[in-house]
Amino acid sequence: MDKLLRDELYQQARNWILEAGSTIRNKINDPLDVSTKSNPNDLVTSMDKNTEKYFVEKIKTTYPDHLLLSEEGFGDDIRSLDGIVWIIDPIDGTMNFVQQKRNFAISIGIYHNGIGEIGLIYNVMDDILYHAKRGEGAFRDEVKLAPLKKGQVLEESVIGLNHLWLCQNRLVQEQSMQSLVKTVRGTRTYGSAALEFAYVAEGIVEAYITMSLAPWDIAAGIILVNEVGGITTDIDGNQLNMVDKNPVLTCHPDIHQRIVAEFIQKGRK
Ligand code: 2AM
Ligand code: CA
């Protein structure tokens, strides 16, 4: 994608994400219509759906030849990332949105023939925008994020992790995940994959590991993490499939190999 088009799409996406966020903030205390999806804890609200419809309408009107891969089903049925694809989660961290009215984000990744060009993650209630254009660095509002510092060791790292994986998971023996938790300095669960990626990019968390995420949870975050020298793969260290769910590891490059080899592959079921 040439720079002129990338700059234009970035500006549009930025305007739309800020406007959608402002609408959510204005309606944050309105009565909520909550339903469940794949399981009783997998929530969706009318706000998720209306926010997604807002983006679909804007994108389809302005860029009719672009495609949209999004969580609530108002986008296109996409099997590949050919062309320009907007990958959108209208609310990432819906449980936080419902239970806490904060700690959720809107996530937009724009990909061109499979290459991540633009990533935006908007922490709506804190009004903080993480953003990146490929090759131009990542930012938290107007502040450029520093490249991840060299020499990171696992014992001094804080990792993001869903605590459920310590009790039950299909992929890695629970003892192996518990051993990872005992090795690192600390763990955090923020409840929004997009924000966890933003924190890895910001360098306030050194890794985020999770057993099943969809493209819209990670599309923007991958670009942000890339821009500061971080790595995102599946939990075995392989390339992600961007049109399917994946178990995901995003982290500081110095600790990637050790997490994969010592804690995941040894404990693989
Ligand atoms: P969501 O809020 O958009 O559903 C929570 O640990 C993180 O995992 C959130 O980013 C959440 O995204 C994501 N997630 C993905 N699939 C999920 C599922 N089936 N149930 C709950 N959270 C899910
Ligand atoms: Ca969502």
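On a predicted model such as this, the values are computed, not experimentally measured, just so you know. Order of listing sets the numbers, starting from 1, for every ligand and every atom in it.
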Going by the order shown, which atoms of ligand 1 are within less than 4.0 Å of some heavy atom of Ser38? 19 (N)

To check your reading of the model: name the closest protein heavy atom to atom 11 (C) of ligand 1, its residue, and the distance in Å. Asp92 OD1, 4.0 Å

Looking at Glu19 and Arg14, does any basic side-chain N land under 4.0 Å from a carboxylate oxygen? no

Provide, to 0.1 Å, the distance between atom 17 (C) of ligand 1 and the closest protein heavy atom, together with that atom's residue and name. Asp42 OD1, 4.5 Å

Within a distance under 4.0 Å of any heavy atom of Asp89, pick out the atoms of ligand 1 and give their elements. 3 (O)

Protein heavy-atom contact under 4.0 Å for atom 9 (C) of ligand 1? yes

Short side-chain donor-acceptor distance under 3.5 Å, Asp141 and Tyr130: no

Counting non-hydrogen protein atoms only, what is the nearest one to atom 13 (C) of ligand 1? Give residue, atom name and distance. Leu213 CD2, 3.9 Å

Are Asp236 and Arg268 close enough for a salt bridge, meaning some N to O gap below 4.0 Å? yes

Using only atom types and a distance under 3.5 Å, with no angle test, would you say the side chain of Asn96 pairs donor to acceptor with the backbone of Phe104? no

Contact between Tyr54 and Trp16 at the side-chain level, heavy atoms closer than 4.5 Å - yes or no? yes

Counting only heavy atoms, tell me which of Pro90, Ala193, Gly93 gets closest to atom 7 (C) of ligand 1. Ala193

Would you please classify the geometry between the Trp86 ring and the His66 ring as parallel, tilted or perpendicular, with 30° and 60° separating the classes? tilted

Under 4.0 Å between a side-chain nitrogen and a carboxylate oxygen: does that hold for Lys37 and Glu72? yes

Any salt bridge linking Glu71 with Lys49? Criterion: basic side-chain nitrogen under 4.0 Å from a carboxylate oxygen. no

Do any of the N, O or S atoms of Asp92 sit under 3.0 Å from the Ca ion (ligand 2)? no

Do Arg134 and Glu227 meet the salt-bridge criterion of a basic N to acidic O distance under 4.0 Å? no

Contact check: Tyr208 vs ligand 1, nitrogen or oxygen atoms, below 3.5 angstrom: no

Carboxylate-amine/guanidinium proximity below 4.0 Å for Lys269 and Glu174: yes

Answer yes or no for Ala214: is there a heavy-atom contact with ligand 1 below 4.0 Å? no

Among protein heavy atoms, which sits nearest to atom 5 (C) of ligand 1, and what does the distance come to when rounded to 0.1 Å? Gly191 O, 3.6 Å

Can you sort out which atoms of ligand 1 are near Asp217, meaning under 4.0 Å from one of its heavy atoms? 3 (O), 12 (O), 15 (C)

Can you check whether Asn41 has an N/O within less than 3.5 Å of an N/O in ligand 1? no

Salt bridge between Asp2 and Arg6, side-chain N to carboxylate O under 4.0 Å? no

Specify the protein heavy atom at minimum distance from atom 6 (O) of ligand 1: its residue, its atom name, and the distance to 0.1 Å. Asn162 ND2, 3.9 Å

So do Ser107 and Asp217 actually touch side chain to side chain, heavy atoms under 4.5 Å? no

As a test of the contact definition, would atom 22 (N) of ligand 1 count as having a protein heavy-atom neighbour under 4.0 Å? no

In degrees, rounded to 10 degrees, what angle do Ile91 atom O and Glu71 atom OE1 make at the Ca ion (ligand 2)? 160°

Check if Ile91 has a non-hydrogen atom at a distance under 4.0 Å from any atom of ligand 1. yes

Identify, by atom number and element, the atoms of ligand 1 in contact range of Ser192, meaning under 4.0 Å from any of its heavy atoms. 10 (O)

By atom name, which N, O or S atom of Asp89 is the nearest to the Ca ion (ligand 2)? OD1

Relative to the heavy atoms of Glu71, which atoms of ligand 1 are at a distance of less than 4.0 Å? 3 (O), 4 (O)

